[in-house]
Number of protein chains: 2
Amino acid sequence: MKPTKTKPAADHSTEEKIKNAARSVFHKKGYAATRTRDIAEEAGINLALLNYYFRSKEKLFDIIMTETMQGFLTSIMEILNDEKTTFEKKIEIIVGNYIDLLIEQPDIPLFVLSELRANPETLVSRISNKKVLMKSVFIMQFQQQIKAGKIAPIHPLHFIMNMLGMVVFPFVGSPMLKSIGDLKQKEFDELMQQRKKLIPKWVNAMLKIK
Amino acid sequence: MKPTKTKPAADHSTEEKIKNAARSVFHKKGYAATRTRDIAEEAGINLALLNYYFRSKEKLFDIIMTETMQGFLTSIMEILNDEKTTFEKKIEIIVGNYIDLLIEQPDIPLFVLSELRANPETLVSRISNKKVLMKSVFIMQFQQQIKAGKIAPIHPLHFIMNMLGMVVFPFVGSPMLKSIGDLKQKEFDELMQQRKKLIPKWVNAMLKIK
DNA sequence: AAGTATTTTAATCATTTGATTAAAAAGATA
DNA sequence: TATCTTTTTAATCAAATGATTAAAATACTT
């Protein structure tokens, strides 16, 4: 019989193998370009097992996508809402953590952004509480800095765009950047390491510009 | 008989209709998620005509991709290699032109970046002369500014990543950004207009940081 | 207008692909 | 061990999809 909706055993080896393979292939090729056979092969299992454990390609994808977003968002929201760290310190931590994460899983941003474009309604709702980021301690601290005249009065989204842009874009565009800069993977990674220290400095310099 | 390899008439209406539809659909959904039937429907033509004029989905895609990259690169390379404009002026022009382009064709970056990920070798060669950007007048001017001590000595790619990141990322991530910022399209576009003036200022401030 | 070439259409093919099924294999239970 | 349950496999299905074909419609040439 087929597995019940309530998971029988948490770490069932085959189920995990399939999920790991699915994560890898979906992240690399996206939903549309992924064949369930690709996943089965990557997992080293019979194709039918995929449907046996996950019912359909779409259901499997939804699980992977949810987990991916979850892992991506919860960690950052904790940082953003930490009352104890200063605004500047938060920038350092976020930039550092994100770059570390992206060095290990460089396919995630393009994966998320592509699927978000293909399916804005569904996925945006998964971020749930839309305004949760804009009401974070981080943004409050940003507003306070403006009131205190310490940084220029700009829309917080400008700031988000700049920071995310500088952190994420290099990974999204890495094939192009490595090509035009004639960089090997190692040299690229070195630049990313540098950016962990540089971006916070740059961001702070920008914030002072009126 | 089928059309010869040397185009018979440049603006053949049907051929153009197909290409326009293909450009629109490919840009929006990417290669894998696009069905030739989608293109035919969008163009209002019989499916067989697509193969009659372009032989295959792949050949049609190659044409669209080449034209897209071409239009994207040639315009920018002209700006980058203009001997008459200063370094700072070039930044203004590039940022302004790119943002204007992206407001009109916001799907292009994610399209290019996604297909580049799916097919790095092929597409990177299409950018041809790899080092063409790194040997542009723009980069030479950048190096001179460093020598003159006017800007901090960083790898030019950092600078490219920052500028492109700030310009391109908002469009790549617009569904997410509009959602978390609770912005309508019009408000989003207003932010983009502001960025045409802001980004050059920010970039210049960053460049001064040691 | 007649004849020829080009363009367009409807029908159809062949392959790919997500999914199912029935049976075999492996595992658990008594 | 015998019986039942769960997992795995091979074979197959049905729908989707890229592509082709033969005929019809249109345009062009003389």
Side-chain angles (χ1 to χ4, degrees), chain A residues 1-65 114-115 118-119 122, chain B residues 1-65 114-115 118-119 122:
Chain A
M1 218 191 82
K2 298 175 183 183
T4 49
K5 282 166 197 172
T6 50
K7 307 267 173 73
D11 76 328
H12 193 293
S13 170
T14 303
E15 200 172 323
E16 275 307 306
K17 268 197 292 183
I18 296 173
K19 264 178 61 172
N20 289 336
R23 187 179 307 110
S24 168
V25 179
F26 278 138
H27 281 185
K28 193 157 24 181
K29 314 212 303 182
Y31 180 81
T34 294
R35 322 281 156 225
T36 52
R37 282 162 175 83
D38 298 338
I39 296 173
E41 189 184 8
E42 172 92 9
I45 53 107
N46 185 292
L47 171 59
L49 279 183
L50 189 150
N51 294 290
Y52 176 72
Y53 281 102
F54 296 97
R55 308 277 308 176
S56 73
K57 176 188 178 185
E58 204 182 337
K59 289 219 171 61
L60 176 54
F61 177 81
D62 282 347
I63 290 170
I64 298 300
M65 174 55 83
S114 296
E115 302 304 335
N119 226 329
T122 316
Chain B
M1 218 190 81
K2 297 174 185 182
T4 50
K5 282 167 197 171
T6 48
K7 309 267 172 70
D11 74 328
H12 192 294
S13 170
T14 302
E15 201 172 324
E16 275 308 305
K17 268 196 293 183
I18 296 173
K19 265 178 61 174
N20 289 335
R23 188 178 306 112
S24 168
V25 179
F26 278 138
H27 281 185
K28 194 158 23 182
K29 316 214 302 183
Y31 180 81
T34 294
R35 322 281 157 223
T36 52
R37 283 164 173 81
D38 299 338
I39 296 173
E41 189 183 7
E42 171 92 9
I45 52 107
N46 185 292
L47 170 59
L49 279 182
L50 188 151
N51 294 291
Y52 176 73
Y53 280 102
F54 297 97
R55 307 279 306 177
S56 74
K57 177 188 178 184
E58 203 182 339
K59 289 219 172 62
L60 176 54
F61 176 81
D62 281 347
I63 290 170
I64 298 299
M65 174 54 85
S114 296
E115 302 303 336
N119 225 329
T122 318

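So that the names make sense, note that chain A is the first sequence line, chain B the second, and so on, each numbered from 1. Excluded from the calculations below are hydrogen atoms, water molecules and symmetry mates; all remaining heavy atoms, backbone and side chain alike, are included. Just so it is clear, the structure is predicted and the values come from calculations on it, not from any experiment.
Put simply, CZ on B/F54 is 12 Å from P on C/dT8, counting in whole angstrom units. Between B/K59 atom NZ and D/dG18 atom P the separation is 15 Å, expressed in whole Å. For B/E41 and D/dT17, the CD to P distance is 12 Å, given to the nearest whole Å. Taking atom NZ of A/K57 as the reference point, atom C1' of D/dA15 lies 14 Å away to the nearest angstrom. Atom CZ of B/R55 is separated from atom C1' of D/dT21 by 14 Å (rounded to the nearest Å). In this structure, B/N51 atom CG and D/dT21 atom P are separated by 11 Å, rounded to whole Å. Between B/L50 atom CG and C/dT8 atom C1' there is a gap of 13 Å when expressed in whole angstrom units. Atom CD1 in B/I39 sits about 8 Å away from atom P in D/dG18, given to the nearest Å.
Between A/F26 and A/F61, the two ring planes are perpendicular [angle over 60°; tilted spans 30° to 60°].
Side-chain nitrogen and oxygen atoms of B/T14 include none within less than 4.0 Å of the OP1 or OP2 phosphate oxygen of C/dT7. Under 4.0 angstrom from either OP1 or OP2 of C/dG18 there lies at least one side-chain N or O belonging to A/T36.
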Close N/O contacts between protein and nucleotides 9-12 of chain C (under 3.5 Å):
| from | atom 1 | to | atom 2 | distance (Å) |
| --- | --- | --- | --- | --- |
| C/dT9 | OP2 | B/N46 | N | 3.3 |
| C/dA10 | N7 | B/N46 | ND2 | 3.4 |

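Shortest non-hydrogen contact noted between B/K19 and B/F54 is CG-CZ, 3.5 Å.
B/L60 has its side chain out of reach of B/K57: every pair of non-hydrogen atoms, C-beta onward, lies at least 4.5 Å apart.
Other residues, nucleotides and ligands contribute only 12 or fewer heavy atoms inside 6.0 Å of the NZ atom of A/K28.
In the helix from C/dA1-D/dT30 to C/dA30-D/dT1, the end axes, each obtained as the rotation axis mapping the C1' atoms of four pairs onto the next four within a five-pair block, lie 10° apart to the nearest 10 degrees.
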